[in-house]
Amino acid sequence: MANLADVSSQVSTRAAESAPPKKRVLSDTWYSVLLITPAMIFIFIFALFPLGYAINVSLRYADLTSPQGISDYVGLENYRFALNDNIFWASVQRTLTFGVAAVAIEMVLGIAIAFLLNEIKWLKGLARSLFILPLAASPVAVGLIWRYMYHPEFGVYNGILASLGLPEQNWLGSTALAMPSVIIFDVWQWTPFVALIVLAGLQALPKEPFEAARLDKASTWRILRTLTFPMLAPVLTLVFVLRAIDAVRLYDAVFSLTQGGPGQATEVVTYYLYRLGLRFFRLDQSSAMSLLFLYAVVVFTALLMRRFMRNIAERARRA
Amino acid sequence: MKTNRRSILFLTLVVLIVLVSSAGVSAQSVTINWATIAGFYTDWAEQVAAEYEAATGVDINIIGIDFPQLYQNQVLESVADTGAYDILTYDVGWKAEFSENGYLLALDDLVAGNENAQAVLADIHPALLETTSHWRGQTFGLPYYTFTMGNFYRCDLYEDAGEQAAFLSRYGYPLDFPRTYEQMADIAEFFRRAPGETLKGETLDQDFYGIGLMAGRFPQVQDEINSIAWSWGAQVINDDGTPGTLSMTFMSAMSLYVNDLLPYAPPGATSSAFDEVIAQLRQGLIAQTGPMYLDQFPNAIKTEDEVSGARVCTAPTPGGHTWVGAFGLGVSADSGHQSEAFDFVAWLASPEAQRRFAEGGGSSALQSILSDTALIEANPRTMGHYPTLLRVLDHAADSNFYPNYYFVPQGGKIYDEMTTYYSAAASGEQSIEEAMTNFAQAVERICNGPCEVANDAFGADYTPIPKPFPYVEYYGR
Amino acid sequence: MQSAKTSLGDVIRHLVMLVVLIIFLFPIYWMIATSFKAAPDILTRPPTWTFTPTLDNYRFAFEEANFGLYIGNTLLVAGVSTILVIIFGSLASYSFARYNPGDGHIMFFILTTRMMPGIAVIIPFFLIFREVGNTDIGKALLIGLDRPGALIIVYTVLNLPFAIWLMHSFFQDIPKELEHSARLDGYGRIQTFIRVVLPLAAPGIAVTAIFSLMFAWNEFLFAFILTRDMARTITVGVSGFISQQGILWGPLTAAAVVCVVPMLLFALALQRYMVRGLTFGAVRG
């Protein structure tokens with residue numbers, strides 16, 4: 001483990017033997033551009049091409065299974081279709097329900113678990129590693145296993161309920177319970193993600209302000225409110241945004257748990273897009289809807305992160 | 001230390017890259033890539049393929065794909081002309097789509113030059129030939145595995161004297177496998193027992209259900225419901241290509257399923273697929289299945305080992321008209337080795353390979369195997385359902401009954417929408433009328449108006465009309 | 001003051017932690033237990049808690065499916081893409097944290113590339129790799145359909161935005177003073193970055209590497225569409241047990257266990273880097 005003492009001793013020993021500071025070859029600006037170049041090349045080639053392709057296709061008639069394949073430009077017809085498609089809007093609503101519920105529960109639980117993990121003394125490392133397990137399991141495989149665990153007749157959850165004398169539930173088969181069951185699964189898989197990143201943030205906090213506050217006999221609540229949460233804010237915002245983006249892109253869990261069923265009770269946007277694009281091969285309509293979806297998420301994130309971005313810029317300038 | 005670790009990592013990567021790339025460099029001989037269903041009699045396929053390789057020198061590469069993804073994967077590779085697969089595996093509902101869009105090669109020229117294939121075609125059951133091989137007068141593939149439906153029931157319960165007497169006094173006719181769907185509903189109601197009630201004179205300590213249904217959003221709910229509708233003369237797609245699900249008959253078929261069968265099924269039915277129904281049978285939880293794939297017999301028969309005193313029998317579905325189909329093998333139009341690929345397909349469908357398939361638990365598409373009494377008697381646990389299967393197939397062929405849905409070029413997509421809306425009605429998410437209206441709209445959207453029904457091979461004014469099943473001649477098991 | 005209350009509070013905290021862990025680990029336990037069950041013990045009512053363990057499912061999984069090859073492919077794809085993500089991502093992230101090129105706009109743009117639904121870009125990717133696979137470069141670098149290079153590129157692109165953003169705050173937390181003193185001591189820019197900045201950002205890099213690797217390891221949709229046979233990865237192999245004969249729960253859970261174990265070992269190995277062993281207070285103060 002590198003620590004400050006090591007680093008500074010390295011620095012000073014090196015200083016003793018090495019030559020005087022080298023001349024600047026590059027300005028800061030050029031250096032910063034050079035550093036981001038490899039990543040940007042990758043992103044430009046492999047993220048922008050598919051995007052351009054999608055935009056192009058969304059303006060044409062494109063049924064891959066028809067003899068014409070990708071054919072004539074039809075203007076905004078596909079967007080008009082998307083805006084009038086009730087199934088699309090119903091699926092958007094389901095995605096929002098899912099996203100709000102899942103992310104809210106994950107944030108609250110995750111933060112609580114992070115604090116707990118930060119405070120415990122024994123077997124801290126082991127507990128932290130074990131928490132990675134739900135994340136480490138492939139969503140498709142573990143989704144199937146949850147489908148098995150949720151099964152009304154053979155599933156272990158109903159087995160446990162029955163042995164406690166509680167009524168058994170039709171977890172994935174009832175219209176009312178299916179969505180909550182998918183949310184529970186997502187909470188199980190992604191709460192550890194929130195917890196681990198928040199924990200990393202907690203451990204990165206400087207100790208002095210907290211010691212000072214404790215000397216001042218500040219209450220725990222006050223310390224949390226005035227020190228911990230404000231200092232954690234960037235990490236919390238980041239985790240929230242990453243989770244929100246992933247939650248609205250939910251696909252694997254629905255695919256392996258319910259296939260969108262029963263009926264359309266868990267058919268979220270991405271699952272509908274999957275059916276439209278990869279089962280009906282209506283690339284035109286699915287691209288138009290994907291782009292509307294992308295636009296909505298980008299605007300939402302931009303609004304959410306305005307302050308966060310300003311802070312980042314400020315801190316970079318200060319540094 | 002650190003350098004060491006880094007170089008080990010690097011070496012591992014190099015070794016892996018070499019391994020992976022060397023796997024790609026294949027021998028000089030012809031390799032046939034066969035896309036098929038993962039875990040689907042893989043043992044049999046590998047064994048027959050190995051023998052074929054030894055005999056011909058042609059390499060067979062089996063690419064197993066999980067069934068839910070098989071359709072889109074093959075379509076995508078075909079649309080993009082990658083030539084990745086030489087042999088495609090298709091479900092009966094995809095046949096029209098794959099043939100019409102040119103993914104499958106018309107085989108007539110290849111058949112003309114292959115005596116083995118001609119013999120196989122003459123042996124394939126005529127009902128399966130119509131549903132899985134023929135399209136617009138040409139041959140596009142050979143069926144090798146049929147999943148035609150029937151009814152599984154616990155004959156030990158049906159033959160119990162006490163149960164028989166109780167059933168007769170309650171319903172006024174003797175208890176036997178159902179001849180009509182109304183009878184199926186009666187039986188389902190009759191055998192629904194709560195804990196504390198008796199079954200075969202023994203007190204139950206858990207719920208017992210009258211029927212097992214696969215009503216989840218999996219591509220099976222429509223096979224059950226369509227069986228009822230078709231037997232009653234309703235159509236998914238009318239003769240003029242419009243959706244038929246809004247007809248009174250179709251909606252009453254749906255209503256029987258939702259209101260008279262489903263209440264007597266385990267609560268998990270609305271999230272079940274076929275394997276869960278078989279598991280319910282094997283756990284001794286249900287008295288019968290709805291329309292169920294007869295090829296599940298080798299699994300269903302295990303009930304007899306797992307539930308003491310249980311016996312499992314098969315019967316045709318009420319009315320006998322049901323989902324008649326098979327998985328077919330065709331040659332990809334992009335294949336670079338079409339004639340070699342076809343030779344292998346003809347070999348897989350030949351009596352020699354099919355006989356071994358049957359012995360291993362597969363349901364053959366060949367009449368010579370389906371009617372081989374000696375073979376069936378020698379293999380009662382893998383082929384015990386063959387007599388019933390043959391009767392169901394014969395009935396379809398005798399009645400010349402092939403629902404319009406089989407001849408719609410967008411069959412695969414419509415199949416997907418059936419799953420969605422039939423499941424919506426079954427789970428109560430939408431009312432029957434609502435779900436069927438939405439389904440009709442979805443069909444019109446897929447076909448861009450009325451669908452084309454390309455059943456001209458039967459004559460211009462062909463209409464599939466169900467005929468009564470000849471129960472008098474049928475003995476069942 | 002703190003220590004007087006320690007014992008009771010600690011006991012309660014540990015108990016709560018234990019309960020939370022049990023709840024979160026139970027599905028994993030159930031998966032592992034199922035993988036050792038014989039077929040008749042899997043679909044039972046009520047569920048079977050005690051059983052005679054068997055290795056049949058593992059044997060079946062390895063014999064029926066080419067799991068050795070799948071694991072090799074997955075290691076290659078996930079490993080190389082994670083290395084690329086960490087190299088490119090840490091350079092870019094550091095640049096954004098220190099110099100903020102593009103004044104936040106480029107960084108936000110990078111994040112937006114993660115927002116596109118995978119479904120929408122999968123067919124374009126399929127077509128790109130079909131073309132690239134037919135070129136000499138594609139053949140030499142193993143980039144193409146059913147080639148590992150394609151998945152390496154896709155996972156690198158999909159993970160980069162996440163990695164850049166996640167590492168950003170860690171780089172920002174490193175006091176500028178440390179870098180200044182390193183520069184004064186005669187370090188070049190690159191040397192400062194490698195010798196001073198990177199070690200200090202180790203927790204962030206470790207967390208990012210873990211998540212990137214896990215994502216690549218577990219990704220299903222792209223792996224399924226872009227590979228067929230040779231370059232198939234382990235998750236696609238696991239889904240192969242959803243067969244027309246029903247879901248083969250035993251072999252499926254065995255394969256899923258095989259799929260999860262390397263991730264657990266990796267997480268355990270990196271976990272010590274995740275602890276930030278120093279505070280910056282002294283420097284900042």
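Numbered from 1 within each chain, the chains take letters A, B, ... in sequence-line order.
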Is Asp246(A) paired with Arg114(C) through a side-chain N to carboxylate O contact shorter than 4.0 Å?
-> yes
For the candidates Ile145(A), Leu294(A), Val156(A), which exhibits the highest count of non-hydrogen atom pairs separated by less than 4.5 Å from chain C?
-> Val156(A)
Identify which part of Leu91(C) has an atom lying under 4.5 Å from any heavy atom of chain A, answering side chain, backbone, both or neither.
-> both
Contact part of Val269(A) toward chain C, heavy-atom cut-off under 4.5 Å: side chain, backbone, both or neither?
-> neither
Of the listed residues (Leu273(A), Val33(A), Leu48(A), Leu133(A)), which shares the most heavy-atom pairs with chain C below a 4.5 Å separation?
-> Leu133(A)
Side chain from CB out, backbone as N, CA, C, O: work out which of these in Ala162(A) comes under 4.5 Å of a heavy atom of chain C, or both, or neither.
-> neither
Interchain contact, Met289(A) with chain C, by part (heavy-atom threshold 4.5 Å) | neither
Would you mind checking which part of Leu252(C) comes under 4.5 Å of any heavy atom in chain A, side chain (CB onward), backbone (N, CA, C, O), both or neither?
-> side chain
Inter-residue atom distance Met263(C).CE - Ser138(A).OG, 0.5 Å rounding = 11.0 Å
Phe215(C), part contacting chain A, at a heavy-atom distance under 4.5 Å = neither
Looking only at heavy atoms, what is the nearest atom pair of Leu283(A) and Ile123(C), with distance?
-> CD1-CD1, 3.2 Å
Heavy-atom proximity to chain C below 4.5 Å, by part of Val140(A) | side chain
Residues forming a ring-ring contact (aromatic ring centres under 6.0 Å, His included) with Phe255(A), sequence neighbours excluded = Tyr251(A), Phe220(C)
Greatest number of non-hydrogen atom pairs under 4.5 angstrom with chain C, of Leu199(A), Ile160(A), Val235(A), falls to Ile160(A)
Which portion of Glu211(A) sits near chain C, non-hydrogen atoms under 4.5 angstrom | neither
Test Thr112(C) against every option in Val298(A), Val297(A), Leu51(A), Ile245(A) by the side chain to side chain contact (heavy atoms under 4.5 Å, CB included) rule and name the one that passes.
-> Val298(A)
Could you have a look at Phe42(A), Trp188(A), Phe49(A) and say which one has the most heavy-atom pairs with chain C under 4.5 angstrom?
-> Trp188(A)
Identify which part of Thr192(C) has an atom lying under 4.5 Å from any heavy atom of chain A, answering side chain, backbone, both or neither.
-> neither
Residues which pass ring-ring contact (aromatic ring centres under 6.0 Å, His included) with Tyr94(C), listed by chain and number, not counting sequence neighbours = Phe171(C), Phe193(C)
Interchain contact, Leu135(A) with chain C, by part (heavy-atom threshold 4.5 Å) = both
Starting at CZ of Arg98(C), measure out to OH of Tyr31(A) and round the result to the nearest 0.5 Å.
-> 10.5 Å
Using non-hydrogen atoms and a 4.5 Å limit, figure out which bit of Ile42(C) sits close to chain A: side chain, backbone, both or neither.
-> both
Tyr53(A) versus chain C, the contacting section by heavy-atom distance below 4.5 Å | side chain
For the pair Trp249(C) and Tyr148(A), name the ring-plane relationship: parallel under 30°, tilted 30 to 60°, perpendicular over 60°.
-> parallel
At a heavy-atom separation under 4.5 Å, does Phe266(C) approach chain A through its side chain, its backbone, both, or neither?
-> neither
With a 4.5 angstrom heavy-atom cut-off, could you sort out which part of Val299(A) is near chain C: side chain, backbone, both or neither?
-> neither
Looking at Val57(A), Leu291(A), Ile197(A), Thr29(A), which makes the most heavy-atom pairs under 4.5 Å with chain C?
-> Ile197(A)
Identify which part of Val154(C) has an atom lying under 4.5 Å from any heavy atom of chain A, answering side chain, backbone, both or neither.
-> neither
Between atom CG of Leu166(C) and atom CG of Leu242(A), what is the distance when rounded to the nearest 0.5 Å?
-> 7.0 Å
Between Val261(C), Ile23(C), Ile153(C), Thr235(C), which has the largest tally of heavy atom pairs under 4.5 Å with chain A?
-> Ile153(C)
Does Phe154(A) offer a backbone N or O that forms a donor-acceptor pair with the side chain of Arg45(C) under 3.5 Å?
-> no
What part of Leu144(A) lies closer than 4.5 angstrom to a heavy atom of chain C: side chain, backbone, both or neither?
-> both
Most contacts with chain C, counted as non-hydrogen pairs under 4.5 angstrom, among Trp146(A), Trp122(A), Tyr274(A) | Trp122(A)
